[in-house]
Amino acid sequence: MAIAFGAPWITLVALKDIAAEVGGERSVPAFASALMWMGSGVGGILMGRIAERIGIRFTVIFGATMVAVGLALSSLGPWWPLYVGHGLFMGLIGIGGINAPFYVYVSRWFDRRRGSALALISSGAYLAGALWPPIFARLIAYAGWRQAMLYYGAFEFILIVPAALLVLTPPPQQSRHPRTHEARVAKPVLGWPPNLVFALQMAAIFTCCIPMAMPQTHLVAFCSDLGESKPRTARPWCRFCWAPRFSADRFGASSRIASVAFTPCSPDRPARQLEWSLFC
């Protein structure tokens with residue numbers, strides 16, 4: 001997960017470099033990033049159904065291949081290669097074939113502490129945000145954003161595909177024989193209908209992602225506008241992407257709020273300004 005979700009961060013770190021090729025319009029690479037996330041959401045539903053039929057090994061190998069193809073296509077530059085590479089290849093059939101099927105796959109290996117297992121793999125996306133931006137900043141400064149996409153595409157493909165062939169064995173079969181009335185009657189969740197709880201969760205996730213979308217996309221570019229060097233501008237994300245994901249599974253959402261409250265104690269003034277704006 002941390003490797004697959006590293007791919008979109010190249011565009012975010014190179015936002016100003018890509019925008020410079022289209023007259024400084026940052027909306028072009030930002031829209032490509034948005035297409036990737038929307039595509040991965042829709043693709044997760046489609047690829048999840050495919051994974052149920054033929055197994056997750058195929059969807060992960062196919063998804064990793066498509067992420068590499070998407071990065072190669074995006075390296076051709078704005079407009080349409082960037083949009084198609086991100087929205088279709090990296091999002092819809094790329095990360096969409098890795099992210100959602102992985103949740104189903106891992107959940108079938110655990111009867112106890114399933115929530116902790118799912119929290120652990122979901123932290124891979126946040127680990128990508130903590131690990132890759134500083135590395136990409138140096139790579140882009142050295143070779144340019146186009147070559148960075150090609151290099152990372154090859155790295156991601158070489159790493160994920162053999163790992164999927166070796167590690168992703170079929171999950172254990174779940175032998176469940178529910179009674180007829182138990183199969184038809186859905187159990188309430190905290191006294192509420194399950195479909196209502198599911199809809200509320202979807203709404204909560206959607207409304208959470210709306211305020212996070214702009215800072216996530218423009219954070220590095222904004223720090224650069226404040227006069228910071230490119231490798232230094234990629235650091236603030238490392239503060240947001242670590243311990244809160246693990247602590248929330250054990251102590252609840254209050255631990256995540258508390259962890260963010262301490263982030264402004266940074267000696268980096270531009271980063272501190274960004275952290276306060278993200279918190280607010």
Side-chain angles (χ1 to χ4, degrees), residues 1-22 28-44 47 56-102 124-168 216-217 220 230-231 234 237 241:
M1 295 283 280
I3 301 298
F5 274 96
W9 283 101
I10 300 178
T11 305
L12 303 185
V13 175
L15 187 78
K16 293 179 68 174
D17 301 86
I18 300 174
E21 299 188 9
V22 287
V28 174
F31 184 59
S33 177
L35 288 176
M36 194 287 303
W37 291 112
M38 290 187 290
S40 64
V42 176
M47 299 299 284
I56 189 177
R57 179 180 291 173
F58 169 79
T59 62
V60 170
I61 293 175
F62 180 77
T65 305
M66 292 302 102
V67 170
V69 172
L71 286 171
L73 181 60
S74 298
S75 68
L76 298 178
W79 299 56
W80 292 111
L82 193 68
Y83 290 161
V84 176
H86 276 65
L88 176 61
F89 289 97
M90 290 175 58
L92 186 69
I93 57 179
I95 293 179
I98 298 174
N99 186 34
F102 247 118
Y126 296 85
L127 177 61
L131 174 65
W132 293 115
I135 297 175
F136 288 154
R138 288 172 171 79
L139 180 60
I140 292 170
Y142 171 75
W145 65 271
R146 298 174 188 270
Q147 292 298 320
M149 287 185 174
L150 294 176
Y151 293 158
Y152 191 77
F155 169 78
E156 176 264 349
F157 178 81
I158 293 173
L159 198 64
I160 293 181
V161 171
L165 291 172
L166 296 174
V167 176
L168 296 180
Q216 175 173 300
T217 302
V220 176
K230 180 167 288 188
W237 269 111
C241 299

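Nothing here was measured: the structure is a model prediction, and the numbers come from that model. Starting from 1, each residue takes its place in the sequence as its number.
Across all their heavy atoms, Ile10 and Met149 have their closest contact at CG2-CG, 3.7 Å. Nearest approach of Gly96 to Pro101, heavy atoms of both residues: O-CD, 3.5 Å. In terms of heavy-atom proximity, Leu15 sits nearest to Pro29 at CD1-CG, 3.3 Å. The two residues Ala128 and Gly6 come nearest to each other via the heavy atoms CB-N, 3.8 Å. Summarising the geometry of Trp9 relative to Phe5, their closest heavy-atom pair is CD1-O, 3.1 Å, with the distance given to 0.1 Å. Ile140 approaches Ala148 most closely through the heavy-atom pair CG1-CB, 3.9 Å.
Atom CD1 of Ile95 and atom CE of Met47 lie 12.0 Å apart (nearest 0.5 Å). Note that CE of Met1 is 10.0 Å distant from CD1 of Ile160, once rounded to the nearest 0.5 Å. With rounding to the nearest 0.5 angstrom, the CE atom of Met36 is 13.0 Å from the CG atom of Leu88. Taking CG of Leu92 as the reference point, atom OG of Ser40 lies at 9.0 Å (rounded to 0.5 Å). Rounded to the nearest 0.5 angstrom, Met90 CE and Leu82 CG are separated by 9.0 Å. In this structure, CD1 on Ile18 lies 10.5 Å from OG on Ser75, to the nearest 0.5 angstrom.
With sequence neighbours left out, the side chain to side chain donor-acceptor pair (under 3.5 Å) criterion links Thr11 to His86. In this structure, the ring-ring contact (aromatic ring centres under 6.0 Å, His included) partners of Tyr83, at least two apart in sequence or on a different chain, are Phe31, Trp80. Residues passing the side-chain contact (heavy atoms from CB on, under 4.5 Å) test with Ile158, sequence neighbours excluded: none. Looking at residues two or more places apart in sequence or on another chain, you find a ring-ring contact (aromatic ring centres under 6.0 Å, His included) between Phe155 and Trp132, Tyr152. Every residue two or more places apart in sequence or in another chain that forms a side-chain contact (heavy atoms from CB on, under 4.5 Å) with Ala164 is listed here: Val60, Ile61, Leu168. When the side chain to side chain donor-acceptor pair (under 3.5 Å) test is applied to Arg146, the partners found at least two apart in sequence or on another chain are Glu21.
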Quick one: do Phe89 and Val84 satisfy side-chain contact (heavy atoms from CB on, under 4.5 Å)? Show the steps, please.
-> CA-CA 7 Å; Phe89 289 97; Val84 176; 3.9 Å; yes
Should Ile98 and Thr59 be marked as a side-chain contact (heavy atoms from CB on, under 4.5 Å) after you check the CA-CA gap, both sets of side-chain angles, and the distance that decides it?
-> CA-CA 7 Å; Ile98 298 174; Thr59 62; over 6 Å; no
